[in-house]
Protein chains: 2
Amino acid sequence: MIQGGLLLLDGGPMRRNALPLDMIIQGDCIAAMNELPENSVDLVFADPPYNLQLGGDLFRPEGGRVDAVTDDWDKFDTFQTYDSFTAEWLKAARRILKDDGTLWVIGSYHNIFRVGAKLQDEGFWILNDIIWRKANPMPNFKGTRFTNAHETLIWASKSENARYRFNYKAMKAMNEELQMRSDWVLPICSGGERVKVDGVKAHPTQKPEALLYRILLASTEPGAVVLDPFFGTGTTGAVAKRLGRHYIGIDREPRYCRVAQDRIDGVLPLDESAMLTMQSKKAAPRVPFGALVENGLIQPGATLTDLGRRYRARVRADGSVQMDGHEGSIHQIGAAAQGAPSCNGWTFWHVDDGKSLICLDRLRDAYRSNLDA
Amino acid sequence: MIQGGLLLLDGGPMRRNALPLDMIIQGDCIAAMNELPENSVDLVFADPPYNLQLGGDLFRPEGGRVDAVTDDWDKFDTFQTYDSFTAEWLKAARRILKDDGTLWVIGSYHNIFRVGAKLQDEGFWILNDIIWRKANPMPNFKGTRFTNAHETLIWASKSENARYRFNYKAMKAMNEELQMRSDWVLPICSGGERVKVDGVKAHPTQKPEALLYRILLASTEPGAVVLDPFFGTGTTGAVAKRLGRHYIGIDREPRYCRVAQDRIDGVLPLDESAMLTMQSKKAAPRVPFGALVENGLIQPGATLTDLGRRYRARVRADGSVQMDGHEGSIHQIGAAAQGAPSCNGWTFWHVDDGKSLICLDRLRDAYRSNLDA
DNA sequence: GACTGAGCTGAATCTTACA
DNA sequence: ATGTAAGATTCAGCTCAGT
């Protein structure tokens with residue numbers, strides 16, 4: 001049953017072996033994919049449930065409550081249940097993929113290792129793992145772990161010797177004529193891009209369009225067929241339409257299907273020049289003082305002094321410094337030394353190499369050029 | 001048989017249940033770990049082999065080579081063999097780990113998904129996946145994929161509810177007073193750091209010391225026992241010695257054991273004061289608010305207020321406080337004032353000394369340093 | 001209109017000691 | 001084991017109200 005571009009799977013007359021281009025299928029993704037013809041799709045992008053296994057509520061330091069992903073679709077009883085679900089959708093995706101098509105999956109440490117292993121078991125050949133480095137991740141409020149600041153994507157072909165598509169030149173052009181690396185810095189999806197219904201976010205895990213933009217530009221050509229079995233708010237469809245690719249979206253939730261359809265209806269295909277607007281900005285590398293200690297440019301225990309040699313501070317193993325019983329960052333201790341409200345420790349502090357004083361700022365330059373080399 | 005700090009496993013008189021601190025064991029890591037006492041090691045760092053094609057037969061527990069068979073079967077067999085090898089060394093590592101110890105593993109997309117899944121299967125609880133973003137990776141010469149510019153580490157505790165060690169403040173200090181994220185930018189190991197024998201690099205996959213430096217500083221305390229079952233050139237041992245941690249290294253190759261021993265012999269430990277790092281408040285001795293009243297740092301009857309002077313509470317002789325008829329601890333009344341689920345009264349409440357507001361936390365610091373004196 | 005500052009939010013496996 | 005209370009803890013980006 002087709003309703004305004006919406007294809008309803010259950011009981012509907014979807015013809016087997018017909019490819020429902022630029023349509024959204026409401027239903028179970030495994031059953032829906034099994035209805036489609038084999039070797040017919042150029043790309044599968046999948047954002048499956050992560051199986052987060054969250055505990056109770058989490059509160060922010062200022063008292064707010066974190067709006068966590070507690071939806072039923074993310075709950076699995078055991079790893080085994082999750083694994084067999086994963087194997088099933090991977091098998092179905094593999095069948096409909098063309099032999100030279102590729103698969104993208106995104107996940108976090110909760111699920112990505114299981115997905116990656118299963119995908120290799122099914123015969124997929126991993127081409128890259130890609131790190132989405134979030135420019136603005138949610139902090140770790142309780143100070144219990146490292147800030148979870150990235151998600152992982154796996155890009156895989158159907159087999160080891162498949163002739164997959166990779167638009168090398170386009171990627172290089174997008175990255176200021178440097179080869180595109182396996183780590184991508186992109187902001188999370190927020191602001192005007194976030195799809196909302198009555199002011200409330202429509203989906204808890206909407207992905208940024210920039211992510212799909214780069215994926216489709218890298219691994220498909222115009223006119224390609226892109227299938228997303230976990231369509232959600234339809235980011236994949238929106239970007240595919242904008243870039244002149246065909247999409248097929250599948251989602252179990254009628255609500256999400258409607259939201260996605262509305263969203264995609266509002267998308268206009270892009271002319272080439274406008275594509276440039278989404279290029280990534282290259283961030284100037286921020287160097288923490290601790291990195292210099294860690295990399296041996298400054299030894300723990302070294303003494304720092306100012307140009308007038310009036311103050312002396314001692315460097316500790318973690319990059320904090322100590323002076324007269326006070327401890328803190330080079331900036332904090334520099335400020336305390338002078339009784340100033342603030343201080344740029346990079347220019348204030350120097351290392352005495354016996355002959356002369358070397359400004360920390362010069363050591364930072366040295367470290368930066370080491371990074372560039 | 002112990003030879004100049006080198007412990008030879010095969011046939012040697014290594015006593016079961018003795019912990020060979022600051023030693024290198026030459027032998028199979030699974031057998032060697034199984035000789036060590038259970039619950040005795042604080043940290044395991046593992047850089048396991050991942051070259052499936054060349055190393056397949058090495059992982060066979062029974063021996064017996066795999067004949068060159070059809071591609072599909074060979075691959076399946078290789079994964080199987082690699083998986084059981086992985087499960088074996090993970091089990092052995094898990095046995096010798098203390099219940100509050102943690103495991104670090106590093107790998108690439110070739111093996112990390114299999115290792116991660118197996119590690120979850122064995123009961124380890126993933127705390128973070130960490131991305132080592134290489135500042136200077138090798139380019140992809142053929143232009144067929146994204147430049148493989150990172151490796152992945154997994155950090156895991158022995159079980160879900162284990163009380164693992166994480167030096168939050170030290171990590172934050174090392175990163176300019178921002179939480180340390182899950183993506184670490186570090187240069188690859190090259191130049192003078194690269195261990196060479198007769199001008200040729202001694203090991204193909206030597207890891208940078210900066211990587212181990214951050215790992216040990218983040219997840220161990222001085223004096224901890226760190227075991228590395230794939231010791232190679234002994235980077236783990238070198239950094240452990242420098243940071244005042246004990247190491248136990250295991251490697252199958254006598255050649256690597258010798259190289260590592262020479263390298264570690266040349267390392268000088270940091271002196272203790274340089275090894276100091278920022279301590280988290282959680283580690284500081286607990287001070288009841290009543291003690292401040294008792295010792296005259298705050299007078300009974302004094303008025304407390306918040307930074308915005310919106311709320312006022314009155315201190316009573318027993319260290320409880322009162323506000324609008326409610327009475328309780330500084331935390332309870334602070335929470336009630338804001339309508340928040342909880343509150344740190346130490347940082348919320350201030351005393352007005354006529355000129356400015358003094359945070360209770362600063363009075364507590366004064367009391368604590370008074371205790372030390 | 002431009003600027004400032006307070007407030008809100010994002011795939012989160014998010015405390016510890018003691019009774 | 002469970003419950004209770006102490007007390008430790010946040011970064012970047014966007015929105016919106018108020019100069």
Side-chain angles (χ1 to χ4, degrees), chain A residues 47-71 73-76 79 106-112 132 134-152 185 187-194 196 199-201 203-208 230 232 283, chain B residues 120 124-129 155-157 159-164 166 168-169 172 175-182 280-290 308 319 328-332 334-335 340-349 360-361 364:
Chain A
D47 182 9
Y50 288 6
N51 189 23
L52 286 185
Q53 303 175 259
L54 299 179
D57 282 343
L58 176 65
F59 290 94
R60 302 160 187 271
E62 88 278 7
R65 192 179 135 274
V66 173
D67 185 17
V69 180
T70 51
D71 306 66
W73 50 252
D74 196 48
K75 290 191 168 56
F76 295 83
F79 278 137
I106 184 168
S108 65
Y109 66 84
H110 309 83
N111 71 323
I112 198 65
W132 168 27
K134 299 183 185 182
N136 47 351
M138 184 157 69
N140 180 292
F141 294 116
K142 303 293 187 189
T144 56
R145 304 179 179 190
F146 298 97
T147 305
N148 195 4
H150 73 276
E151 294 191 23
T152 301
V185 182
I188 60 175
C189 178
S190 68
E193 188 188 327
R194 192 90 195 193
K196 290 182 179 136
V200 182
K201 65 181 175 189
H203 194 283
T205 72
Q206 186 183 338
K207 296 294 176 287
F230 307 97
Chain B
Q120 290 180 306
F124 283 103
W125 186 252
I126 298 182
L127 299 168
N128 278 116
D129 59 336
W155 182 39
S157 64
S159 65
E160 177 174 357
N161 298 312
R163 291 214 297 256
Y164 57 93
F166 177 53
Y168 175 73
K169 274 281 178 69
K172 201 175 170 184
N175 193 36
E176 299 273 288
E177 287 305 312
L178 291 177
Q179 288 191 338
M180 187 68 83
R181 300 166 40 116
S182 58
S280 73
K281 277 192 179 173
K282 289 170 188 168
R286 188 173 279 212
V287 175
F289 179 64
S329 70
I330 51 172
H331 314 294
Q332 289 167 336
S342 71
C343 167
N344 183 347
W346 291 108
T347 51
F348 180 71
W349 293 113
L360 292 190
D361 211 27
R364 180 170 61 168

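Below, chain A is the first sequence line, B the second, and so on; all start at residue 1. Predicted model, so just to flag it, every value in this text is computed and none were measured. Atoms considered below: every heavy atom in the structure, side chains included; atoms not considered: hydrogens, waters and symmetry mates.
At a threshold of 4.0 angstrom between heavy atoms, the contacts of A/G56 include nucleobase atoms, whether or not backbone atoms are also involved. At the heavy-atom level, A/Q53 lies under 4.0 Å from base atoms of the strands shown. The residue B/P288 sits apart from the nucleic acid: no heavy atom pair falls under 4.0 Å. Using a 4.0 Å heavy-atom cutoff across all strands shown, B/V287 reaches sugar-phosphate atoms only and no base atom. Looking at heavy-atom distances under 4.0 Å, A/T205 makes contact with a base. B/S329 comes within 4.0 angstrom of sugar-phosphate atoms only, judged by non-hydrogen atoms across all strands, and of no base. When heavy atoms are screened at a 4.0 angstrom cut-off, A/K207 is found touching base atoms of the nucleic acid. Contact annotation for B/Y168: backbone-only contact, meaning every heavy-atom pair under 4.0 Å involves sugar-phosphate atoms and none involves a base. Residue-level contact check: A/D47 touches the bases, meaning some heavy atom is under 4.0 Å from a base atom. At a threshold of 4.0 angstrom between heavy atoms, the contacts of A/W132 with the nucleic acid are absent. Looking at heavy-atom distances under 4.0 Å, A/L52 makes contact with a base. Residue-level contact check: B/Q332 touches the backbone only, with heavy atoms under 4.0 Å from sugar-phosphate atoms and none from bases. Using a 4.0 Å heavy-atom distance criterion, A/P208 is classed as making no nucleic acid contact. Heavy atoms of B/L127 sit nowhere under 4.0 angstrom from any nucleic acid atom.
For B/K172 and D/dT10, the NZ to C1' distance is 7 Å, given to the nearest whole Å. For A/K142 and D/dT9, the NZ to P distance is 11 Å, given to the nearest whole Å. Rounded to whole angstrom, the span from the NE2 atom of B/H331 across to the C1' atom of D/dA5 amounts to 9 Å. C/dA11 atom P lies 16 Å from atom CD1 of A/I112, rounded to whole Å. To the nearest angstrom, C1' of C/dT9 lies 15 Å from CZ of A/F59. Rounded to whole angstrom, the span from the CZ atom of A/R145 across to the C1' atom of D/dA8 amounts to 17 Å. Here C/dT13 presents its C1' atom at 10 Å from OH of B/Y164, a figure rounded to the nearest Å. The CG atom of A/L54 sits 7 Å away from the P atom of C/dC14 (whole-angstrom rounding).
The side chain of A/N148 places no N or O atom within less than 4.0 Å of a non-bridging phosphate oxygen (OP1 or OP2) of C/dA12. The phosphate of C/dT13 has OP1 or OP2 within less than 4.0 Å of a side-chain N or O from A/Y109. Applying the 4.0 Å criterion to OP1 and OP2 of C/dG10, one finds that A/K201 has a side-chain N or O inside that range. Side-chain N/O atoms of B/R364 include one lying less than 4.0 angstrom from OP1 or OP2 on D/dA8. Phosphate contact (OP1/OP2 of C/dA11, side-chain N/O of A/R194, threshold under 4.0 Å): present.
Taking the C1' atoms as reference points, C/dG1 lies 16 Å from D/dC16, given to the whole Å. Comparing D/dG13 with C/dT13, their C1' atoms are spaced 26 Å from each other, to the whole Å. Rounded to whole Å, the separation between the C1' atoms of C/dC14 and C/dG10 comes to 15 Å. On the C1' atoms, D/dT10 is 13 Å away from C/dC8, given to the nearest whole Å.
Remark: D/dA17 base-pairs with C/dT4; criterion is Watson-Crick or G-U wobble with both hydrogen-bond distances under 3.5 Å. The nucleotide C/dC14 finds no pairing partner, because no Watson-Crick or G-U wobble arrangement with both distances shorter than 3.5 Å includes it. When Watson-Crick and G-U wobble pairs are counted only if both distances are under 3.5 Å, D/dT9 pairs with no nucleotide at all. Pair check for C/dA19 finds D/dT2; Watson-Crick or G-U wobble, both atom distances under 3.5 Å.
For the pair A/F146/B/W155, a side-chain contact is recorded, criterion being any heavy-atom separation below 4.5 Å from C-beta on. Using a 4.5 Å heavy-atom cutoff, the side chains of B/K281 and B/D361 are in contact. Under the 4.5 Å side-chain criterion, counting only non-hydrogen atoms from C-beta, A/E151 is not in contact with A/I112. Put simply, the side chain of A/H110 does not reach to within 4.5 Å of the side chain of A/N51, judged on heavy atoms. You'll find the side chain of B/W349 stays beyond 4.5 Å of the side chain of B/F289, heavy atoms only.
Here OH of A/Y50 is found 9.5 Å from CG of A/D74. Values are rounded to the nearest 0.5 Å. Distance CH2/B/W346 to CD1/B/I330: 4.5 Å, rounded to 0.5 Å. The CE atom of B/M180 lies 11.0 Å from the OH atom of B/Y168; values are rounded to the nearest 0.5 Å.
Take the nearest nucleotide of DNA chain C for B/R163 and for A/E151: the residue whose nucleotide is more 5' is A/E151. Comparing A/T147 and B/D361 along DNA chain D, the residue whose closest nucleotide (by nearest heavy atom) sits nearer the 5' end is B/D361.
Closest approach to the A/F141 side chain among D/dA12, D/dT10, D/dA6 is made by D/dT10 (side chain taken as heavy atoms from C-beta onward). Considering only side-chain atoms of B/T347, the nucleotide from C/dA17, D/dT9, C/dT13 that sits closest is D/dT9. For A/V69, counting side-chain heavy atoms from C-beta on, the closest listed nucleotide (D/dA12, C/dT13, C/dA11) is C/dA11. With D/dG7, C/dT13, C/dA11 as the choices, the nucleotide that has an atom nearest any side-chain atom of B/S342 turns out to be D/dG7. When each of D/dC11, C/dA12, C/dG10 is scored by its nearest atom to the side-chain atoms of A/V66, the top-ranked nucleotide is C/dA12. Between C/dA12, D/dT10, D/dA6, one nucleotide has an atom nearer to the side chain of B/Q179 than all others, and that is D/dT10. Taking the side chain of A/E62 as heavy atoms from C-beta on, and the options C/dT9, C/dA11, C/dG10, the nearest nucleotide is C/dT9.
Aromatic ring centres of B/W125 and B/Y164: separated by at least 6.0 Å.
C/dT13 shows a glycosidic angle within 90° of 0 and is accordingly assigned syn.
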